[in-house]
Every structure is written in C-alpha cells, then in structure tokens.
Amino acid sequence: MKENHYCHAIGCERVVPPAYLMCRECWSKVPKSLQMKVCKYYIRGQEKSKTASPEYLNAANEAIESIKENH
Ligand SMILES: [Zn+2]
C-alpha cells in the first residue's frame, strides 16, 4: 500500500516524495545552515528503513521550527 508523504512544515499539506523533509517552497525558507545540517545527517534510504538518526530528527525539528513563524 502506498501512503502519501506530506511536507513536514506546519500548516503545509503538499505531497512530497518520502525522501524529502519538505516541499521546495517551505525548504527554501529554511536558513542555509539548517538545510546543511539536515542534509548532513540524512542517510539515503532512511525513510524506508525508518532508521533516521536522532541527529537527523533534531535537525529536521529545528528546520520545521525555523519556518513556523511564517505561517
Ligand atoms: Zn511545504
């Protein structure tokens, strides 16, 4: 069964490929330093194996928090 994966930004409901944390529009609002942090800890295939590291989840949360104000 295929499930839709949605942009993780709060208030955004765009469907994005599972490998992406956010849609392109939301991602572009995330500060560069945080984008780099998320990329650094992203492990190819983690969305399938469900093995995202705590560091990745932390960085992902920070990124989500950083654009929360814009909604
Ligand atoms: Zn979005």
Side-chain angles (χ1 to χ4, degrees):
M1 200 179 100
K2 212 175 163 191
E3 273 176 58
N4 281 336
H5 176 260
Y6 295 95
C7 173
H8 284 259
I10 291 153
C12 182
E13 290 174 346
R14 285 191 191 87
V15 175
V16 294
Y20 292 97
L21 178 66
M22 296 173 185
C23 67
R24 214 181 287 180
E25 206 173 298
C26 294
W27 186 243
S28 70
K29 293 178 197 157
V30 176
K32 259 259 135 39
S33 58
L34 276 175
Q35 290 185 1
M36 283 164 67
K37 214 167 158 186
V38 172
C39 291
K40 186 178 158 195
Y41 292 119
Y42 172 76
I43 299 158
R44 192 185 269 255
Q46 68 173 27
E47 70 280 359
K48 284 179 204 130
S49 54
K50 307 276 183 225
T51 52
S53 65
E55 288 86 1
Y56 174 83
L57 295 175
N58 242 326
N61 270 331
E62 270 184 68
I64 292 163
E65 287 291 309
S66 75
I67 58 168
K68 208 167 72 175
E69 312 288 297
N70 295 337
H71 283 287

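Count residues from 1 along the sequence. These numbers come from the heavy atoms of this one structure, side chains and all, not from hydrogens, waters or symmetry mates. One-based numbering, in listed order, for ligands and for the atoms of each.
- Formation of a donor-acceptor pair under 3.5 Å by the His5 side chain with backbone atoms of Val16 is found in this model.
- Protein N/O/S atoms closer to the Zn ion (ligand 1) than 2.8 Å number 4 in this structure.
- Using a distance-only test at 3.5 Å, with no hydrogens or angles considered, no donor-acceptor pair links the side chain of Glu13 to the main chain of Cys7.
- Glu55 and Tyr42 are not linked by any side-chain donor-acceptor pair at a separation below 3.5 angstrom, with hydrogens and angles left out of the test.
- When the options Ile43, Leu21, Asn61, Thr51 are evaluated for a side chain to side chain contact (heavy atoms under 4.5 Å, CB included) with Tyr56, the one that passes is Leu21.
- For the pair Ala63 and Val38, the tightest heavy-atom approach, listed with the atom from each and the gap, is CB-CG2, 4.2 Å.
- Ile64 and Ile10 get closest at one heavy-atom pair: CG2-CD1, 3.9 Å.
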